[in-house]
Amino acid sequence: VIIFFPLFFHFLLTPFFSLQFSLFFPGSLAGFRLHYFRQNTTFFFLPAKLCELKILRARMEGTGLRNVSSHCSISEMDDFDLSKLLDKPRINIERQRSFDERSLSELSIGLSRGLDNYENAYSPGRSGLDTPASSARNSFEPHPMVAEAWDALRRSMVHFRGHPVGTIAAVDHAAEEVLNYDQVFVRDFVPSALAFLMNGEPDIVKNFLLKTLQLQGWEKRVDRFKLGEGVMPASFKVLHDPVRKTDTIMADFGESAIGRVAPVDSGFWWIILLRAYTKSTGDVSLAETPECQRGMRLILSLCLSEGFDTFPTLLCADGCSVIDRRMGIYGYPIEIQALFFMALRCALTMLKHDTEGGEFVERIVKRLHALSYHMRSYFWLDFQQLNDIYRYKTEEYSHTAVNKFNVIPDSIPDWVFEFVPKRGGYFIGNVSPARMDFRWFALGNCIAILSSLATPEQASAIMDLIEARWDELVAEMPLKISYPALENHDWRLITGCDPKNTRWSYHNGGTWPVLLWLLTAACIKTGRPQIARRAIDLAESRLSKDSWPEYYDGTVGRYIGKQARKYQTWSIAGYLVAKMLLEDPSHLGMIALEEDKQMKPVIKRSASWTC
């Protein structure tokens with residue numbers, strides 16, 4: 001009685017009561033907290049991480065800080081029926097994961113369960129005042145780099161007739177040549193756009209979407225050849241005339257690019273960004289305008305047109321994506337296929353089911369089923385599949401052939417056998433007749449996770465691979481854009497002796513900080529936030545000191561790239577997006593899609609080897 005009654009009254013009179021204790025097991029320490037909330041006479045059992053955020057919110061309300069509402073945000077979990085959101089309390093101690101990490105991963109998994117959570121909820125941007133910082137694990141003090149990054153990002157903003165329309169590629173005043181780094185690139189602006197959306201500043205994103213949509217309607221020619229009507233620009237530049245006080249725009253559709261290749265990925269990123277804007281703001285009116293509907297249909301008509309293809313994947317030229325130089329990715333590169341898959345799924349949620357849109361919806365559904373089966377079956381590589389390919393028979397004919405691409409086992413490079421762990425896997429770089437590119441490409445694999453091109457099992461295996469091969473793929477700075485580097489004869493033959501893509505530099509095994517946001521999003525979606533936190537800690541140790549370089553060189557990413565621009569905008573924006581995603585996993589809804597169960601095929605392992 002003496003102990004119970006004071007405790008009971010204290011419990012009723014205070015909003016929160018917490019009890020913290022630790023359990024000791026042989027060889028490990030597992031600490032966790034049990035929190036009880038009194039709200040509307042109902043008592044809830046909550047993980048520690050949610051309680052810390054609720055306490056933070058109460059403190060903010062007590063001090064008068066502005067609290068911006070955010071559907072599905074962590075700080076407003078009390079607005080939902082928590083008894084439905086959370087399962088019954090249970091104690092699970094998993095390998096190498098603290099309870100704080102587990103609680104965050106459970107939250108991210110909860111946010112990603114079912115299309116109702118991802119597809120029916122939007123994630124409005126939030127101000128910095130009510131967003132806890134994840135950089136300090138047990139406090140909510142923002143990292144000093146965050147304010148510096150926002151200042152640098154705002155300095156990169158481009159205005160057209162008084163309205164912000166994008167961010168330039170880099171603001172490096174020390175560079176001798178500007179080249180095209182003073183232009184707004186479609187793919188480069190994506191992390192900037194996500195940062196602004198997450199911060200509650202959607203206007204610049206809307207202006208960008210409308211301006212690039214207007215540029216899509218321009219007539220596009222390279223020499224005497226006219227490009228397809230749906231091609232989106234790779235970049236555009238705003239020209240200011242101080243005398244006449246006028247602004248004009250100059251767009252590049254590939255006619256000025258290295259190799260004169262049209263950007264296949266620009267249209268896909270535009271559709272993905274349109275959906276992100278819609279999910280973030282809750283405003284469907286922009287996507288439903290006749291202009292946006294037509295823009296999506298034009299992009300899709302380029303990809304869904306019938307031809308001589310026997311595969312559902314897109315045939316592409318070298319240099320048509322973020323790897324915009326000759327790197328041997330011609331054919332069916334994983335990055336384009338993953339973006340294609342994600343753009344199709346995003347368009348499916350935004351296209352109207354009218355006469356014109358309905359026809360595209362039907363074609364998209366058919367293509368998605370074929371594409372998902374093809375990619376999951378033939379692009380996927382793990383230990384068992386590698387062993388099967390190693391024992392393939394060749395020169396198989398008829399419909400019973402298992403080695404359908406006639407891949408010669410002797411063509412498997414030696415490094416693959418050491419790179420593929422027993423637990424883990426990834427989507428290889430390219431698959432075409434008698435050719436498999438076994439290289440790892442980070443962007444394609446991360447997009448495969450976010451778009452649910454990868455099954456949950458495959459997504460988990462990709463993360464297992466990253467953990468197992470951390471020293472090769474991350475090392476001292478996240479993240480290798482490709483692995484391994486082309487060297488010696490392969491470099492001369494495949495890159496054409498490209499002086500910028502030398503071994504372990506630029507696209508050829510270089511390290512790109514912008515990929516941090518994609519890695520973080522993939523980590524949260526798969527319930528591995530501790531991997532993202534570890535990568536962000538590495539980035540915070542150097543990015544600001546090194547003046548936000550475009551890329552790093554070397555096998556471990558130790559050296560600033562020999563031709564890297566400083567204050568590269570998407571390096572800055574990628575860091576901000578990664579931080580905000582880790583702070584508030586509900587933002588994941590604008591850039592991730594839940595798995596469509598109808599597209600999940602039964603994948604059988606190859607049996608093309610003889611006893």
Test the Arg542-Trp548 pair against the cation-pi criterion, namely NZ or CZ under 6.0 angstrom from the six-membered ring centroid and within 45° of the ring axis.
no
Please answer whether the main-chain N or O of Tyr567 pairs with a side-chain N or O of Asp172 as donor and acceptor at a distance below 3.5 Å.
no
Carboxylate-amine/guanidinium proximity below 4.0 Å for Lys562 and Asp553
no
Does any part of the side chain of Ser372, heavy atoms only, come nearer than 4.5 Å to the side chain of Phe341, both counted from C-beta?
yes
side-chain contact (heavy atoms from CB on, under 4.5 Å) for Arg275 and Leu593? Distances and angles first, verdict last.
CA-CA 11 Å; Arg275 177 189 175 273; Leu593 294 157; 3.5 Å; yes
Centres of the Phe419 and Tyr483 rings: under 6.0 Å?
yes
What's the verdict on ring-ring contact (aromatic ring centres under 6.0 Å, His included) for Phe417 and Tyr390, showing C-alpha distance, side-chain angles and the deciding distance?
CA-CA 10 Å; Phe417 295 101; Tyr390 176 68; 5.6 Å; yes
Would you sort out whether Phe441 and Ile481 count as a side-chain contact (heavy atoms from CB on, under 4.5 Å), showing the intermediate values?
CA-CA 6 Å; Phe441 291 91; Ile481 191 171; 5.8 Å; no
I need the minimum non-hydrogen distance between Ala475 and Leu538, along with the two atoms involved.
O-CD1, 3.3 Å
Return the orientation label for the Trp512 and Tyr506 ring planes: parallel under 30°, perpendicular over 60°, tilted otherwise.
tilted
Could you check whether Glu201 pairs with Arg154 (Lys NZ or Arg NE/NH1/NH2 to Asp/Glu carboxylate O, under 4.0 Å)?
yes
Among Arg469, Lys422, Arg423, which one satisfies salt bridge (charged side-chain N to carboxylate O under 4.0 Å, His left out) with Asp464?
Arg423
We want to know whether Thr212 and Trp270 form a side-chain donor-acceptor pair, criterion being a heavy-atom distance below 3.5 angstrom.
yes
Does either side chain, that of Glu550 or that of Tyr181, offer a donor lying less than 3.5 Å from an acceptor on the other one?
yes
Glu467/Arg528 ion pair, N-O < 4.0 Å
yes
Atom NE2 of residue position His159 - does it have more than 12 heavy atoms of other residues, nucleotides or ligands inside 6.0 Å?
yes
Are Phe340 and Phe268 close enough that their ring centers fall under 6.0 Å?
yes
Derivation of the salt bridge (charged side-chain N to carboxylate O under 4.0 Å, His left out) call for Glu540 and Lys545
CA-CA 9 Å; Glu540 288 179 337; Lys545 297 176 183 177; over 6 Å; no
Under a 3.5 Å cutoff, is there a donor and acceptor pairing between the side chains of Lys579 and Thr520?
no
side-chain contact (heavy atoms from CB on, under 4.5 Å) between Met232 and Phe253: does it pass, once the steps are laid out?
CA-CA 7 Å; Met232 279 286 184; Phe253 293 91; 5.9 Å; no
Per side-chain contact (heavy atoms from CB on, under 4.5 Å), Met157 is matched among Ile204, Val171, Val165 by Ile204
Check: Asp265 and Val186 side chains under 4.5 Å, non-hydrogen atoms
no
Using modelled atom types and a 3.5 Å cut-off, is there a donor and acceptor pairing between side-chain atoms of Arg326 and backbone atoms of Ile494?
yes
Looking at Arg325 and Asp498, is there a salt bridge between them, counting it only when a charged N and a carboxylate O are closer than 4.0 Å?
yes
Evaluate the side-chain proximity of Asp188 to Thr569: yes if any heavy-atom separation is below 4.5 Å, no if none is.
no
Taking C-beta and beyond as the side chain, do Leu239 and Ile249 meet within less than 4.5 Å on heavy atoms?
no
Would you mind reporting whether Trp440 and Ile466 have side-chain heavy atoms less than 4.5 Å apart?
yes
Do any pairs count as a side-chain hydrogen bond (donor to acceptor under 3.5 Å, both in side chains) and have a residue in residues 330-341, sequence neighbours left out, and if so which ones?
Ser321-Glu335
Which pair of non-hydrogen atoms, one from Leu465 and one from Pro421, has the smallest distance, and what is that distance?
CD1-CD, 3.2 Å
Do Asn430 and Ile334 make a side-chain contact, defined as non-hydrogen atoms from C-beta onward lying under 4.5 Å apart?
no
Heavy atoms, side chains only, cut-off 4.5 Å: are Leu576 and Val146 in contact?
yes
Whether Ser482 side chain and Gly509 backbone form a donor-acceptor pair below 3.5 Å
yes
Geometric class of the Phe405/Tyr378 ring pair [parallel <30°, tilted 30-60°, perpendicular >60°]
perpendicular
Is it true that His240 and Asp247 share a donor-acceptor pair across their side chains at a distance under 3.5 Å?
yes
Check for a donor-acceptor pair, side chain of Thr495 on one end and backbone N or O of Arg492 on the other, with a separation under 3.5 Å.
no
